[in-house]
Amino acid sequence: MIRTRFAPSPTGFLHIGGARTALFSWAFARHHQGQFVLRIEDTDVARSTPAAVQAILDGMEWLGLAHDEGPFYQMQRMDRYKEVIRQMLADGHAYYCYTTPEELDAMREEQRAKGLKPRYDGTWRPEPGKTLPTPPAGVLPVIRFKNPTDGVVAWDDLVKGRIEIANAEMDDLIIARQDGTPTYNFCVVVDDWDMKITHVIRGDDHVNNTPRQINILKALGADVPLYAHLSMILGDDGQKLSKRHGAVSVMQYHEDGYLPEAVLNYLARLGWSHGDDEVFSMEQFCAWFDLDHITPSAAQFNTEKLNWLNAHYLKLADNARLAALVKPRLETRRVVVTETPSLEAIIGLYKERVTNLNELADAAEVFYIELTPNAELLAQHLAPEAKPALADFIAGIKDVAWEAPAIGALIKQCIGTHGLKMPKLAMPLRVLLTGQAQTPSVDAVVALFPREQVLKRLAAAV
RNA sequence: GUCCCCAUCGUCUAGAGGCCUAGGACACAACCCUUUCACGGUUGGUACCGGGGUUCGAAUCCCCGUGGGGACGCCA
C-alpha cells in the first residue's frame, strides 16, 4: 500500500509551492490507489497559529485535494515523541548535551571564520573510553542524536537520482530542546515511521535533512521510505518566492477569479510532463502521474499560461456554476443581481472572451447598474448620420421578436435604409447599452436585456 | 567558507546515443475569420551554458569550468 503525506507547518497560508507538493503527493497516492495523509507540523509553538491551520485546510479544500487520513497534529503526539526519545537515550542513540546556545553561537562563528562548516563539536558525545565533562549547574541540557561518524548516507532520490552525503558532514543534531519538546527532524522521522509513509514527496529544501532523518530511522530500526525531492517554484520574475517577495496564498487565486481546475492543471505541468499533453483533468492526471517525469530543475511561474488555462476552463464551465461564482463577486460590489437580465445568459455570452471570474463580473455588472452614458465614447461612436438609423431601431424594437436573430435583422434593416455600414449603428448601441465599445455580437447583447430596459438606455441618446 | 542540487526557445517542457537541419504549449508577430474587441484558425521567428573527452555517431554518457539555487538553527 502506497502512503504519501503532505506535512505543512502552520506558520502561514498555503502557497503555490506547497500546493504543488500537496498535489503531487495526492496524485501519487491516487495513482496507486494508496492513501494520502495530512499532517500539521506545529511544533514551533511560537509561529504556529490556528488561523494558519485553517488557511491550509481552506486551500486544500478549494483545490479539492482531499486527504484520506488526518489531519494529525504533532503537538498532540508529544507523548509518543518523548517515549521514543527515552528509548533512544536508553539505547545509546542519543545523549544529553549541556552546551549553551551562547556557546554554540561562538563555536559556529569561529568555525565560519576558519572557512569550516559550522557544527557542534561533540563535547558531550559519549564514546567508549571517553570521560565526559561534569554537567554544569543550572544548565538545562538538550538531547542530541548520536550521528554515525564514518561512511556515507545514500539514497536513490526518485527525482534527483542517487545522492550521497558523508556522515562526516553532519553533526549531532538536537532532537529535544531544553524544555524537552522534540524538534522537527525528529518528529518527522517518528511520524513517517508511525504513519507508515512509503513515499516522502517534499520540497528540495529538505534534501539536506534527508540523510539525518535516514540515520535516525536506521537507529530506530525503522524502514526507510523512498524520497522524492521536488525543486522549487520561482516567481514570475525568476526570483525566489518568499513572504516578502511574490509568495501568495492559493486562496489569492480564488480571489483573483481563477478556477481551481485551472490552477491545478497549471501546477501539474509545472515540473511534470506527460509528453505534449497540456490540458487535462485531474482524473487524467492521476491516471498518468508518476515520479519519473518530474523535472529536477527549478521552474519559473508563468501567470500568462495560467491565464490561458483559466480562460480555457472558463469556456468549458457550466453557466449555472459560473453564475454561482460570479454572483458573490457582484454582491461584494453592492450590485443587485435581478432575475432579468439573466446572469446565466450574460455569462454564457461573455465567458468566451474573459480570463477570470472578476472580468466576468465586470462584464455582468453593467447589466444591473444604473448606466450613465459615457459622453466621450458616445461622441466617438455616434455619428450624426447614424441618428436617424438609431431612431428607426428604437421604433422597430417595439414589435420585433425578442431574440438575437430578429434583432440582428432589424439592425440590418435600419442601416440598409440609411445606407450605413454595420459599425455605424452597432457601435453606438454597444456604448449606450453597456457603456463599452467592446462587447460580444451586438444583437446578442441587446437580446440579453428586457425590451423596456433597452428602450430606456437608448433614450439617453435622443 | 563547506556540503548538496540544478542547467534545451523569453517561460513551462518533449527528448533516456542515431527517429533532432531539436517537437509541443504559453507569450510574441503576421494573416484569415469578423459587427467592435475578443475567441477561434493558419503561418512564422527564437533554444541544446562553455570547454574537453568517450563513440562511427552526443541535447542525451564522463570530466572540468561557468552560472544559478539550496542547506549549514534549541525554525519547519
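These numbers come from the heavy atoms of this one structure, side chains and all, not from hydrogens, waters or symmetry mates. Below, chain A is the first sequence line, B the second, and so on; all start at residue 1.
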Please give the distance between the [atom1] atoms of [N] and [M] as a whole number of Å.
| N | M | atom1 | value |
| --- | --- | --- | --- |
| B:C26 | B:C19 | P | 27 Å |
| B:C9 | B:C28 | C1' | 12 Å |
| B:G45 | B:G10 | C1' | 13 Å |
| B:C4 | B:G65 | P | 13 Å |
| B:G70 | B:U43 | C1' | 43 Å |

Going by modelled atom types, is there a donor-acceptor pair between the base of [N] and the side chain of [X] at under 3.5 Å?
| X | N | value |
| --- | --- | --- |
| A:Arg269 | B:U13 | no |
| A:Asp276 | B:G23 | yes |
| A:Arg47 | B:C75 | yes |

- A:Tyr81 and A:Phe186: side chain to side chain contact (heavy atoms under 4.5 Å, CB included), yes or no, with the steps? CA-CA 8 Å; A:Tyr81 304 137; A:Phe186 177 74; 3.9 Å; yes

- Matching residue for A:Asp194 among A:Arg77, A:Arg5, A:Arg39 - test: salt bridge (Lys or Arg N to Asp or Glu O under 4.0 Å): A:Arg77

Can you find a side chain N or O atom of [X] that sits less than 4.0 Å from OP1 or OP2 on [N]?
| X | N | answer |
| --- | --- | --- |
| A:Arg177 | B:A76 | yes |
| A:Arg108 | B:G73 | yes |
| A:Ser273 | B:A14 | yes |
| A:Arg20 | B:C12 | no |
| A:Ser231 | B:G70 | no |

- Message: Exactly one of A:Glu109, A:Gln111, A:Glu110 should register a side chain to side chain contact (heavy atoms under 4.5 Å, CB included) with A:Met107. Which one does?
- Response: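 With A:Met107 as partner, side chain to side chain contact (heavy atoms under 4.5 Å, CB included) holds for just one option, A:Gln111.
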
- Task: Take atom CD of A:Glu352 and atom P of B:A38, then tell me their distance rounded to the nearest Å.
- Result: 16 Å

- Item | Side-chain heavy atoms of A:Val248 within contact of A:Tyr253, under 4.5 Å |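 Result yes, sub-4.5 Å side-chain heavy-atom pair found.
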
- Message: Nearest to the A:Ala299 side chain among B:U13, B:G1, B:G15, which nucleotide is it?
- Response: B:U13

- Message: Suppose we define a pair by two distances each less than 3.5 Å, Watson-Crick or G-U wobble; what does B:U36 pair with here?
- Response: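 In the structure as shown, B:U36 has no Watson-Crick or wobble partner.
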
- Task: Mind telling me whether A:Tyr98 and A:Tyr96 have parallel, tilted or perpendicular rings, with 30° and 60° as the class edges?
- Result: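 Geometry flag for A:Tyr98 against A:Tyr96: tilted rings.
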
